[in-house]
Amino acid sequence: MKYSNVMIQERFNKGETLKFLFFWGHQPNKDGSIGKSCFSQWWE
């Protein structure tokens, strides 16, 4: 499935519940594991 802003807006307007993955930063977790922040454009 190819996603686009228009498709997401249409699904939202139809009342569908959408899930988003929010992340912040570009550093590994304190324990050294990789978390959601690996999706940052600044991740090594």
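Count residues from 1 along the sequence. No experiment lies behind these values; they were computed from the predicted model shown.
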TODO: Can you run down the side-chain hydrogen bond (donor to acceptor under 3.5 Å, both in side chains) pairs that involve residues 28-37, sequence neighbours left out, and say none if there aren't any?
DONE: Asn29-Ser33, Asp31-Ser33
TODO: Quick one: list whatever passes side chain to side chain donor-acceptor pair (under 3.5 Å) with Thr17, sequence neighbours left out.
DONE: none
Task: Pairs touching residues 3-14 that satisfy side-chain hydrogen bond (donor to acceptor under 3.5 Å, both in side chains), sequence neighbours left out - done: Arg11-Glu16
Task: Sequence-distant partners of Phe12, side-chain contact (heavy atoms from CB on, under 4.5 Å), two or more places apart - done: Leu18
